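Each remark here refers to the structure printed beneath this line.
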Amino acid sequence: SYYGKEISAITVARLTRIRGKHYMQLGKGRGLDARKVLNLKYGENIDRHLGKAWGKVVIDLGVSARNFVKVIGANHLTVTAGDFTEEIEIFCRQVDIPVVRIDSDQEMESFYKDIRYLGHN
């Protein structure tokens, strides 16, 4: 029943594999006050809609929700307080894993078009 707190800088990451190749989906954003945001959206129906047992975290990556949903491919992301994007990008270069910035609409659109659904459009 956890509700995420407001945090000025968070790192969001997800390692994905498409046709045998790994990609790091990475972004810097901010954590929003989940109770406040979800109460505005669902009001007194919040527990019935989202369940009392599930933790709730709301993030803002400053991008189009449509682009995000098209590329993310899962509902489980790793989120940590602070900006660790530079360190993760360095690691990914060292192990030859391309980074896709999910805090950039342009990068998500390219990833969707050129990689995620290549040949499936």
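What you are looking at is a predicted structure, and each value in this text was computed from that prediction instead of being measured.
Between Lys21 and Pro98, the closest side-chain pair of non-hydrogen atoms falls below 4.5 Å. Looking at Ile46 and Tyr3, their side chains come closer than 4.5 Å, going by heavy atoms from C-beta outward. Here the side chains of Arg30 and Ile59 are not in contact, with every heavy-atom distance at 4.5 Å or above.
Not one N or O on the side chain of Arg93 forms a donor-acceptor pair closer than 3.5 Å with the backbone of Ile88. Checking side-chain atoms of Thr11 against main-chain N and O of Lys28 turns up no donor-acceptor pair under 3.5 Å.
Here the OG atom belonging to Ser64 is positioned 6.5 Å from the CE atom belonging to Met108, to the nearest 0.5 angstrom. Rounding to the nearest 0.5 Å places CG of Asp60 at 10.5 Å from CD of Glu6. Atoms CG and NE2, from Asp96 and His22 in turn, are 12.0 Å apart once rounded to the nearest 0.5 Å. Atom-to-atom distance recorded for Leu61:CG and Ser104:OG is 11.0 Å, nearest 0.5 angstrom.
For residues 78-88, the set of pairs meeting the side chain to side chain donor-acceptor pair (under 3.5 Å) definition, not counting sequence neighbours, comprises Asp83-Thr85.
In the hydrophobic cluster analysis, where Ile, Leu, Val, Met, Phe, Trp and Tyr join through side-chain heavy atoms closer than 4.5 angstrom, Leu38 is grouped apart from Trp54. Residues Val71 and Val79 share a hydrophobic cluster, clusters being chains of Ile/Leu/Val/Met/Phe/Trp/Tyr side chains in contact below 4.5 Å. When the side chains of ILVMFWY residues are joined at heavy-atom separations under 4.5 Å, either directly or via intervening members, Val63 and Val57 end up in a single hydrophobic cluster. In terms of hydrophobic clustering, with Ile, Leu, Val, Met, Phe, Trp and Tyr side chains grouped at heavy-atom distances under 4.5 Å, Val69 and Val58 are assigned to different clusters. Residues Phe68 and Tyr23 fall within the same hydrophobic cluster, defined by Ile, Leu, Val, Met, Phe, Trp and Tyr side chains chained together at heavy-atom separations under 4.5 Å.
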TODO: Apply side chain to side chain contact (heavy atoms under 4.5 Å, CB included) to Asn67 and Glu109, showing your working.
DONE: CA-CA 7 Å; Asn67 282 339; Glu109 288 168 3; 3.2 Å; yes

- [ ] For Leu15 and Ile97, run side chain to side chain contact (heavy atoms under 4.5 Å, CB included): C-alpha distance rounded to whole Å, both residues' side-chain angles, the deciding distance at 0.1 Å, then the answer.
- [x] CA-CA 9 Å; Leu15 187 63; Ile97 295 175; 4.1 Å; yes

Task: Criterion side-chain hydrogen bond (donor to acceptor under 3.5 Å, both in side chains) on Arg14 and Thr16, from CA distance to verdict - done: CA-CA 6 Å; Arg14 178 176 185 271; Thr16 189; 3.1 Å; yes

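Between Arg101 and Asp103 there is a salt bridge, since a side-chain N of the basic residue sits under 4.0 Å from a carboxylate O of the acidic one.
Within 6.0 Å of the NZ atom in Lys70, the count of heavy atoms belonging to other residues, nucleotides or ligands exceeds 12. The number of heavy atoms from other shown groups lying within 6.0 Å of OH (Tyr2) is above 12.
Nearest heavy-atom pair across Ile72 and Gln25 is CD1-OE1, 3.3 Å. In this structure, Ile18 and Phe111 approach most closely via the heavy-atom pair CD1-CZ, 3.6 Å.
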